[in-house]
Amino acid sequence: MYTEKVMDHFSNPRNVGEIENADGAGQVGNPSCGDIMKITLKVEDNIIKDIKFKTFGCGAAVATSSMVTEMAMGKTIEEALQITNKSVAEALEGLPPAKMHCSNLAADALKAAIEDYLKKQNA
Amino acid sequence: MRKVYFDHSATTPVDPAVAEEMIKYITEHFGNPSSIHSWGREARKAVEKARQQVATAIGASSIGEIAFTSSGTEAANMAIRGVAYANRQKGNHIITSAAEHSAVLACCKQLEREGFTVTVLPLDQYGLVTAQQVAEAITDKTILISIMHANNEIGTIMPIKEIGEVARENKVIFHTDAVQSVGKIPVNVDELGVNLLTLSGHKIYGPKGIGAMYIRKGTFWQPITFGGGQERRRRPGTENVAGIVALGKAIEMATERMYNDAQRLSGYRDRLIKEVLEKIPNTILTGHPQNRLPNHVSFCFRFIEGESMLLMLDMKGIAISSGSACTSGSLEPSHVLTAIGLSKEVAHGSLRLTMGKYNTEEDIEYFLEVLPPVIERLRAMSPLSEG
Amino acid sequence: MRKVYFDHSATTPVDPAVAEEMIKYITEHFGNPSSIHSWGREARKAVEKARQQVATAIGASSIGEIAFTSSGTEAANMAIRGVAYANRQKGNHIITSAAEHSAVLACCKQLEREGFTVTVLPLDQYGLVTAQQVAEAITDKTILISIMHANNEIGTIMPIKEIGEVARENKVIFHTDAVQSVGKIPVNVDELGVNLLTLSGHKIYGPKGIGAMYIRKGTFWQPITFGGGQERRRRPGTENVAGIVALGKAIEMATERMYNDAQRLSGYRDRLIKEVLEKIPNTILTGHPQNRLPNHVSFCFRFIEGESMLLMLDMKGIAISSGSACTSGSLEPSHVLTAIGLSKEVAHGSLRLTMGKYNTEEDIEYFLEVLPPVIERLRAMSPLSEG
Ligand SMILES: Cc1ncc(COP(=O)(O)O)c(C=O)c1O
Ligand SMILES: Cc1ncc(COP(=O)(O)O)c(C=O)c1O
Ligand code: FES
Ligand code: FES
């Protein structure tokens with residue numbers, strides 16, 4: 001069902017948690033649909049210095065959250081915004097068709113966190 | 001790693017004694033029961049012996065009341081749709097419950113599309129419907145009541161005897177899906193007062209791909225598949241002889257062991273319920289606290305999602321199941337969990353642990369040791385969790 | 001006593017290599033393919049491997065085109081009734097032939113009761129229908145053509161490819177019952193030009209209780225049983241994993257051996273036909289003299305009745321079958337024998353001998369030695385016989 005890469009990120013999720021006084025925070029999903037993702041960021045000189053996630057969801061949801069944090073870590077804001085649902089799924093060597101929507105959440109949560117950061121910057 | 005199988009409501013291993021009988025009819029005796037020659041007669045004899053074993057186990061008065069099917073699902077289709085089509089002149093109303101397996105509910109949905117009217121009785125917080133609810137739902141158009149004996153997801157046992165009395169008083173045909181109860185609690189068609197009863201081999205240490213329908217003599221019914229005259233014209237297609245032999249043996253063994261297994265497993269069950277509720281905060285027991293299958297334990301853990309829990313337990317060698325939407329790839333969690341009043345969010349965190357005859361005290365210990373850190377870890381990851 | 005099984009069109013023994021694969025999924029790997037844990041995933045993998053084996057054997061373009069069923073009969077019900085119900089808006093006319101198995105004919109009868117119109121094409125003396133006959137029967141209401149690939153009773157092979165062309169030209173969905181042809185003659189869904197094809201495990205050295213339906217991508221179709229989402233929502237019910245694994249292995253082996261077995265058995269077949277016709281007067285070969293299954297021999301012996309012949313041969317250790325009315329306890333002899341123009345009286349004396357891969361030259365010798373005195377004895381008893 002799941003690739004080895006998915007199972008690796010599921011069993012050893014990277015960057016679990018919540019950054020206090022985050023520079024940006026984003027939450028997407030809805031608990032009644034079975035999935036929520038929350039991403040918090042620390043940004044320095046336009047570079048994502050730290051990123052953490054919290055997820056309520058299936059194996060794919062946990063793995064995509066973990067993967068998206070790994071992909072975004074150390075990237076510039078512009079580079080991080082290039083991360084798509086598709087690239088997350090590909091980095092995990094694929095997801096079962098029924099689970100593709102979980103990868104949407106991960107990229108969406110990252111985007112939401114970055115937008116929150118940019119909004120705060122402009123405020 | 002220790003391997004603990006706790007998913008007996010999904011399917012059971014085949015008992016070695018059942019496998020042994022079955023394998024004879026795969027490797028040695030291969031005749032077609034419809035053949036007149038000695039190869040065929042031998043197969044016919046084996047099929048009729050198994051029919052007797054099933055009839056005896058559920059207290060049917062004659063082997064003519066048992067038809068073999070390819071699954072519990074096919075048996076439910078035959079029972080429900082076979083009665084509905086045959087009694088269409090009499091009425092078009094069917095009563096069932098929100099607790100039913102999709103095998104029953106999907107048949108009812110199809111019948112609705114075909115012009116029947118279906119009343120789906122709501123459940124109380126324990127997953128029960130009452131005979132009173134059934135009595136109140138009956139109209140002069142009611143031709144069938146279909147209420148399951150024991151629920152697969154929350155283990156609750158329905159008051160079938162009382163519902164059977166209501167059915168009889170009102171002269172309405174009554175079917176019970178006994179897939180989860182056979183072999184675990186007493187099942188007797190006369191005591192339960194049912195006209196039809198369906199069961200499945202792979203839930204009672206028999207193989208997958210075999211089931212049976214009991215149909216009381218005189219019940220107005222018609223077949224739903226068409227072909228040769230097998231199974232007394234009730235179910236066409238060459239008989240799954242090895243599967244039938246296995247079902248006969250399996251139901252006989254399950255009935256013999258039932259009392260002792262139920263004693264032992266309900267002890268484990270009560271310990272599991274007590275200790276899990278004590279050890280893990282924000283946990284809800286689902287189903288009835290006492291009136292439940294002896295091997296069945298089910299919870300919802302707040303703030304976590306079932307598939308993740310299931311996968312983490314699997315990595316520890318433990319097989320359980322969950323009614324979470326994510327395990328099935330659908331967007332909706334189990335209809336039974338929402339029908340007993342749980343929010344979708346809570347229903348997502350459901351766990352079902354169903355024990356079997358090979359489980360031991362050590363399996364229980366191991367589970368009680370492994371579960372709390374898994375829940376803790378998932379809660380630590382969850383944005384919903386307070387902690 | 002020598003035991004000779006010559007009834008492979010009724011059912012076959014399970015090949016030991018097939019049994020070995022199958023038994024692993026009875027004794028060891030018992031997971032439910034719908035379960036997410038490792039027990040379940042292992043079962044799922046086995047089911048999908050078997051699906052690939054079936055797809056490859058019949059030249060399907062994807063495993064999504066294969067659905068497992070519990071028999072050839074269930075597969076025929078799904079194919080015929082599933083197409084009929086799904087295409088009812090388009091039309092209500094179905095074309096089939098008088099040669100079909102009861103699995104197909106009984107479905108068509110049921111559809112007639114439900115308001116469909118069925119044309120049953122007559123057969124020529126060899127049991128053939130032509131593409132021309134099919135073309136002439138098509139109306140603008142025709143939604144389905146169902147013509148079998150090879151006949152079980154007389155062995156005749158139908159011109160499926162030509163009928164497939166007619167079906168395609170007229171944009172009518174085409175199903176063929178390939179239960180008797182798979183593993184004996186080449187079966188490729190693209191070469192045959194079919195939209196649906198059905199087959200059964202126990203005719204190809206697999207177990208009883210498993211079959212499959214091929215359905216070409218894009219074919220308008222709906223399920224005929226209701227329940228869980230198994231088999232890509234085409235056929236609900238927990239999968240018969242062991243049976244599915246066995247069918248995959250069996251069809252793979254049958255395809256590999258097909259050419260060699262056909263060569264050897266058609267040699268026996270031609271010898272049997274020649275010698276029986278020479279040795280026993282008043283004998284009629286039924287079915288096509290050349291265009292027939294390589295393992296299939298069938299006769300009618302005048303003045304005698306099939307069940308008696310069958311029982312006498314059985315006492316000599318030989319298993320054959322007969323289309324006599326008496327073997328089935330019905331009053332009518334085989335509909336196929338009367339459809340090729342035989343009188344009921346002659347049809348009563350039918351014998352079908354179907355060879356299999358374990359039969360040897362010695363089996364043929366033994367049969368040729370045993371048969372004439374049996375026929376003679378029965379004729380001496382018969383008031384119809386001249387002698
Ligand atoms: C209560 C209940 N009814 C029916 C079924 C269907 O039986 P089968 O799996 O044999 O199709 C099941 C098993 O999943 C069940 O638990
Ligand atoms: C031509 C044909 N079609 C269909 C069937 C039915 O298959 P099954 O025996 O698997 O139900 C048979 C076997 O009896 C057959 O010979
Ligand atoms: S979170 Fe529900 S399917 Fe992934
Ligand atoms: S003669 Fe007895 S059944 Fe035909």
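Chain A is the first sequence line, chain B the second, and so forth, proteins listed ahead of strands; every chain is numbered from 1. Bear in mind that the values here come from a model prediction, so they are computed numbers and not experimental data.
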Structural part of [X] lying under 4.5 Å from a heavy atom of chain B:
X	value
Thr27(C)	side chain
Ile318(C)	backbone
Leu310(C)	side chain
Met78(C)	neither
Ala242(C)	neither
Pro207(C)	neither
Ile23(C)	side chain
Ser102(C)	both
Thr69(C)	neither
Asn77(C)	side chain
Ile80(C)	neither
Glu28(C)	neither

Original post:
Most heavy-atom pairs under 4.5 angstrom with chain C, which of Ser322(B), Gly211(B), Ala319(B)?
Top reply: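 Going by pairs under 4.5 Å, I would pick Ala319(B).
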Subject >> Residue, of Ser35(C), Gly31(C), Ala19(C), that accumulates the most heavy atom pairs under 4.5 Å with chain B >> reply: Gly31(C)
**OP:** Write out all pairs satisfying salt bridge (charged side-chain N to carboxylate O under 4.0 Å, His left out) with one or both partners inside residues 309-332 of chain C, taking only residues at least two apart or from two chains.
**Re:**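 Sorted result for residues 309-332 of chain C: Arg41(B)-Asp314(C), Glu332(C)-Lys344(C).
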**OP:** Using the test ring-ring contact (aromatic ring centres under 6.0 Å, His included), find all partners of Phe367(B) that sit at least two apart in sequence or belong to another chain.
**Re:**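 Once residues adjacent in sequence are excluded, the partners of Phe367(B) under the ring-ring contact (aromatic ring centres under 6.0 Å, His included) criterion are Phe6(B).
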